[in-house]
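Notes for the one structure printed next.
Chain letters run A, B, ... following the sequence lines, proteins first, then strands; residues in each count from 1.
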Protein chains: 2
Amino acid sequence: MNSVPPNNNPASTTASGSAGSASAAPSPTFSPLYQQIKGLITQSLQSGEWKPGELIPSEVELANRFKVSQGTVRKAIDELAAENLVMRKQGKGTFVSTHHEARAHFRFLRLMPDEGVPHYPDSKIIEVKRMRAPADVARLLELKSGDAVVYIKRVQAFEGVPTIVEELWLPGMIFKGLTAERLMEYKGPMYGLFESEFGTRMIRATEKIRAVSVGEEDAKLLGIAAQTPLLESERVSFTYGDKAVELRRGLYSTARHHYHNELN
Amino acid sequence: MNSVPPNNNPASTTASGSAGSASAAPSPTFSPLYQQIKGLITQSLQSGEWKPGELIPSEVELANRFKVSQGTVRKAIDELAAENLVMRKQGKGTFVSTHHEARAHFRFLRLMPDEGVPHYPDSKIIEVKRMRAPADVARLLELKSGDAVVYIKRVQAFEGVPTIVEELWLPGMIFKGLTAERLMEYKGPMYGLFESEFGTRMIRATEKIRAVSVGEEDAKLLGIAAQTPLLESERVSFTYGDKAVELRRGLYSTARHHYHNELN
DNA sequence: TAGTGGTCTAGACCACCCC
DNA sequence: GGGTGGTCTAGACCACTAA
C-alpha cells in the first residue's frame, strides 16, 4: 500500500541513506525526508483526499503510513502550517485551511480602515462575461492569448462607502459555470466560492502596487472626483503547484483606508 | 555568571524536563522552556554581548550554559532565525543579523523596477536638522510632544532617475551626533549607519500606504509634474523590545517601479 | 580532522479537547 | 479516559566548512 518517499528528478551522486528506516533498498535521499513527506501530504491536499475544513490524519497515523517517525511528520506539518496550507488545533488535530472563515477574509486584502475595526465589505457586481484573454492577461495567467477567460467587475463598499473597484480574470476552463447569478447569491468571500464550487483553492499571491489617477467611469462607481489618486493593486493568485488561477486588478480609495504591511 | 531559566530549575541529575517527578513543587511553567531560552538569547543580542555580524556561541555551548538540551536551544534559535534576528550558516555557525549586507538593502524597501534587476539607489541629502517633535511624530515614536528629534529629508535615485522623496524623524536622545556630514560620507544603507554608529538595530517595521498627489516642492525634487499620483509610505521601525525608533515618510514614483508584496 | 548546524529517531510527559 | 498536538530530552549520523 504505502510507498516509501519516491522521487526526485536530478540524478545525484551521493547516495546518503538516512539511517536505517525500514525498506530493503537504501532509498536514496535527494532531499530531506521531511521535505519529501511534506510533498506527499501536499499531493493529498491537492488531490482532494482531505478537503478544505476537514481533519487530516493524526501525526502518529501519518508516521505509520509513511514509515517515518512522528518527529519527521511533525516537521513537515510545521512547514505546511507556516505556509497556511493547514491549521493545527491543540487537542483536536490538524485541519486543511479554508477560505470559509472570518479571519480568511482579510488574508489577501490588506486594506484597513484608518480608524476603528475592519468591517466586511458589501459587494456589488457590475459585470460578468466570458471573453478571450487579452495578451497581458494571458501572459500573467499562463494561458494562450485568446483562450477563454471569465471576466468580473465589481464594487466593494465598507459601511456603505464604495471603496474598491475590482476587475477579475479567471481561466475559463476551470470556472466554467460561473455566472452573475451564482456570484450574487453567494454570501461571503469570493475565494470561498472558488474553493467550494470550483475546487480551486488559492494558497498564495503576489501583488504589484502603483499610484494612479482614477478615470471617469471608475470615479462614478466610487462616487469621487475624476483624477483622484488611487492605489492600483495587480494581484496574481496561485493554487497548488504554483499554478496561476486568478488575475485581479483593484483600485483602492485611500481617503479613509490604507494598505497595511508588516516588514520583518 | 550565567543565569538559568527563570522558573523551573531541574538541577536534579540530568534535567528531568518539566516532569519533575521528585520535586513536588508544581513548577509553574508560564511559557515553554524554549521561549524562555529565546528571551535570554534576545537579551544578549540587545545588550550587545554579541554584536551584529558576529558569531554567537554554538548550540551545544548555549545548551550547556542554560542547562537545557541542544534541541531546546535549537528550537529557540529556529524562531530567532525566522524573525531575521540571526542567520544560520551550515558548517560555520549562527551569526547576528546585520544591515551591512547586500540582501539587507531591500529588506524594508519593497519598491522594485518594473523591468530588469534591482539597482542600489543613490542618495542626496536635502536637509538635516534637530527640532522639537510635532504631535503626530511624537505619538508614533512614543515620545512626548516637544521632545528633540532629528529630521532628515533626502531624495533617492535609481540609475540617475529621482524616484523617492523621503523624510525621517529619529529620537534625538538616541541619535545625538547625527549630522549631514556624517550621513553624506557614509556609503551604504542608512540602517547600517544606525546600527554601527548609534547601536540601534531595526528589526521590524509596519507600513501604511496611500495614494496622494505630489505637491509642487516634491514634484521639483523628483522632476515630475505637480499633481502626479504617488505612493505614500508611512513606516514605523522598531528595535528590540518593540521600541519605535524611526518614522519615515516616503513618496514613491511608480512610473517605472512598483511596490512588491507577497501574500501567504 | 574537528566543529558546526541539519536531519532523524525514540520515548517521555504536558496541555488541551471531547466524550 | 483516551486522543491530539506541544514540549523536552538523548543519542546517532549527515553535510558543510575550515584549518
Just list the side-chain donor-acceptor pairs under 3.5 Å for residues 80-88 of chain B, sequence neighbours left out, or say none.
| residue | atom | partner | partner atom | Å |
| --- | --- | --- | --- | --- |
| B/Glu83 | OE2 | B/Lys38 | NZ | 2.7 |
| B/Arg88 | NH1 | B/Asp78 | OD1 | 2.5 |
| B/Arg88 | NH2 | B/Glu59 | OE2 | 2.2 |

Mind running a 4.0 Å heavy-atom check of residues 92-103 of chain A against DNA chain C and sending the residues that fall below it, in number order?
A/Lys92
Gap separating the CZ atom of B/Arg248 from the CZ atom of B/Phe108, nearest 0.5 angstrom:
9.5 Å
Atom pair NE2/CD of A/His260 and B/Glu207 - distance to nearest 0.5 Å
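CD of B/Glu207 is found 10.0 Å from NE2 of A/His260.
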Interatomic distance where [atom1] belongs to [X] and [atom2] belongs to [N] [whole Å]:
X	N	atom1	atom2	value
B/Glu61	C/dG3	CD	P	12 Å
B/Met87	C/dG6	CE	P	11 Å
A/Glu79	C/dG6	CD	P	12 Å
A/Lys89	D/dG6	NZ	C1'	17 Å
B/Arg88	D/dA15	CZ	P	18 Å
A/Leu55	D/dG3	CG	P	14 Å
B/Gln90	C/dA2	CD	C1'	15 Å
A/Ile37	C/dT7	CD1	P	14 Å

Please determine, by modelled atom types, if B/Tyr191 and B/Ser237 share a side-chain donor-acceptor pair under 3.5 angstrom.
yes
Nearest-nucleotide comparison on DNA chain C, the residue closer to the 5′ end among B/Asp78 and B/Gly91
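The 5'-side residue here is B/Gly91.
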Nearest of C/dT9, C/dC8, D/dC8 to any side-chain atom of A/Ser69?
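Nearest to the side-chain atoms of A/Ser69, counting from C-beta on, is C/dT9.
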Does a nitrogen or oxygen in the side chain of A/Arg74 sit under 4.0 Å from OP1 or OP2 of D/dG5?
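No, A/Arg74 has no side-chain N/O under 4.0 Å of OP1/OP2 on D/dG5.
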State whether A/Ser58 places a side-chain N or O below 4.0 Å from either non-bridging phosphate oxygen (OP1 or OP2) of D/dT4.
yes
Ring centroid separation for A/Phe158 and A/Tyr120, is it under 6.0 angstrom?
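Ring centroids of A/Phe158 and A/Tyr120 are no less than 6.0 Å from each other.
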When every non-hydrogen atom of B/Ser47 is compared with those of B/Ser44, the smallest separation belongs to OG-O, 3.2 Å
When A/Ile164, A/Leu111, A/Asp122 are each screened for side-chain contact (heavy atoms from CB on, under 4.5 Å) with A/Gln156, the one that passes is A/Ile164
